[in-house]
Amino acid sequence: QVQLVESGGGLVQPGGSLRLACAASGFSLDDYAIGWFRQAPGKEREGVSYISKKGASTYYLDSVKGRFTISRDDSKNTAYLQMNNLQPDDTAVYYCAAVPRALGNSRWRKDKYDFWGQGTQVTVAS
């Protein structure tokens with residue numbers, strides 16, 4: 001069964017850090033590019049970060065550049081999103097998604113991804 005499972009979310013104070021993980025099962029993650037998306041209450045789901053196959057290229061939403069780092073460990077079939085200096089505006093459900101091809105300028109389009117996880121809640125509050 002093909003599955004993506006996110007973990008690592010939680011409640012953190014402003015300025016804190018979290019590391020999200022996206023574990024794949026039923027397929028080899030190294031054949032896929034990975035996107036991290038988030039959805040805050042009442043808002044559209046937006047792309048946060050993207051990493052190509054083999055990790056050759058990474059991209060970030062402007063508001064998270066310098067604070068978030070995407071990575072992947074294909075030997076563990078897992079991708080990660082390290083989030084530092086978290087702010088209340090980062091509060092959202094975070095999702096990972098996988099696609100078996102390079103998306104180029106379409107990397108933020110949700111309809112381009114084949115598989116999605118169930119999401120993990122990140123809450124930034126004091």
Side-chain angles (χ1 to χ4, degrees):
Q1 181 182 0
V2 171
Q3 199 172 11
L4 289 172
V5 178
E6 302 95 336
S7 62
L11 173 64
V12 63
Q13 292 186 340
S17 298
L18 286 173
R19 187 193 195 201
L20 305 183
C22 171
S25 59
F27 67 104
S28 294
L29 203 60
D30 60 1
D31 290 333
Y32 290 75
I34 302 298
W36 281 98
F37 291 75
R38 67 185 181 186
Q39 188 165 18
K43 294 188 176 181
E44 291 282 325
R45 191 173 300 188
E46 64 177 352
V48 175
S49 189
Y50 171 95
I51 187 167
S52 62
K53 295 181 189 180
K54 312 297 184 186
S57 301
T58 58
Y59 300 88
Y60 298 93
L61 181 68
D62 284 348
S63 62
V64 308
K65 284 179 182 176
R67 301 189 297 124
F68 290 12
T69 302
I70 192 170
S71 62
R72 60 191 302 156
D73 185 342
D74 291 335
S75 69
K76 297 182 178 179
N77 229 27
T78 302
Y80 303 95
L81 186 68
Q82 176 68 43
M83 306 186 297
N84 297 330
N85 191 23
L86 283 160
Q87 300 301 316
D89 283 350
D90 296 316
T91 295
V93 178
Y94 283 71
Y95 301 86
C96 65
V99 57
R101 57 195 172 275
L103 292 183
N105 291 333
S106 300
R107 65 183 73 91
W108 304 133
R109 285 185 53 177
K110 300 179 290 293
D111 62 322
K112 295 295 186 180
Y113 289 81
D114 290 21
F115 307 127
W116 287 84
Q118 83 291 346
T120 186
Q121 176 70 47
V122 172
T123 303
V124 185
S126 54

Which atoms form the tightest heavy-atom contact between [X] and [Y], and what is the distance?
| X | Y | answer |
| --- | --- | --- |
| K110 | R45 | NZ-O, 3.4 Å |
| L18 | G8 | CD2-O, 3.7 Å |
| S52 | R72 | O-NH1, 2.9 Å |
| I34 | A98 | CD1-CB, 3.8 Å |
| D90 | V124 | CB-CG2, 4.3 Å |
| S126 | P14 | N-CD, 3.8 Å |

Query raised in the report: Who are the side chain to side chain donor-acceptor pair (under 3.5 Å) partners of N105, not counting sequence neighbours?
Result: none
Query raised in the report: Do L81 and S49 have side chains that get closer than 4.5 Å, going by heavy atoms?
Result: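 A side-chain contact exists here, since the closest heavy-atom pair is under 4.5 Å.
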Requested in this report: Kindly work out whether a path of hydrophobic side-chain contacts (I/L/V/M/F/W/Y, heavy atoms less than 4.5 Å apart) joins V64 to Y80.
Outcome: no
Report task. Determine whether W108 and F115 fall in the same hydrophobic cluster, where Ile, Leu, Val, Met, Phe, Trp and Tyr are linked whenever their side-chain heavy atoms lie under 4.5 Å apart. Result -> no
Query raised in the report: Short question: side chain of E46, backbone of E44 - any donor-acceptor pair under 3.5 Å?
Result: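 Side chain of E46 to backbone of E44, a donor-acceptor pair under 3.5 Å: no, none is there.
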Query raised in the report: Within the distance-only criterion (no hydrogens, no angle test), does the side chain of E6 pair as donor or acceptor with the backbone N or O of L20 below 3.5 angstrom?
Result: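 No, E6 side chain to L20 backbone: no donor-acceptor pair under 3.5 Å.
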Side-chain donor/acceptor pairs under 3.5 Å, residues 54-63, sequence neighbours excluded:
| residue | atom | partner | partner atom | Å |
| --- | --- | --- | --- | --- |
| Y60 | OH | I70 | N | 2.9 |
| D62 | OD1 | K65 | NZ | 3.0 |

Query raised in the report: With V99, which residues qualify under side-chain contact (heavy atoms from CB on, under 4.5 Å), at least two apart?
Result: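 So V99 forms a side-chain contact (heavy atoms from CB on, under 4.5 Å) with A33, R101, L103, Y113, D114.
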Report task. Report the residues that fulfil side-chain contact (heavy atoms from CB on, under 4.5 Å) with S7, sequence neighbours left out, ordered by chain and then residue number. Result -> A21
Report summary line: Residues at least two apart in sequence or cross-chain that pass ring-ring contact (aromatic ring centres under 6.0 Å, His included) with Y94, listed by chain then number, are none
Report task. Apply side chain to side chain contact (heavy atoms under 4.5 Å, CB included) to the pair T91 and R38, showing each step before the final yes or no. Result -> CA-CA 9 Å; T91 295; R38 67 185 181 186; over 6 Å; no
Report task. Keeping to residues at least two apart or across chains, list the side-chain hydrogen bond (donor to acceptor under 3.5 Å, both in side chains) pairs with something in residues 17-33. Result -> S17-N84
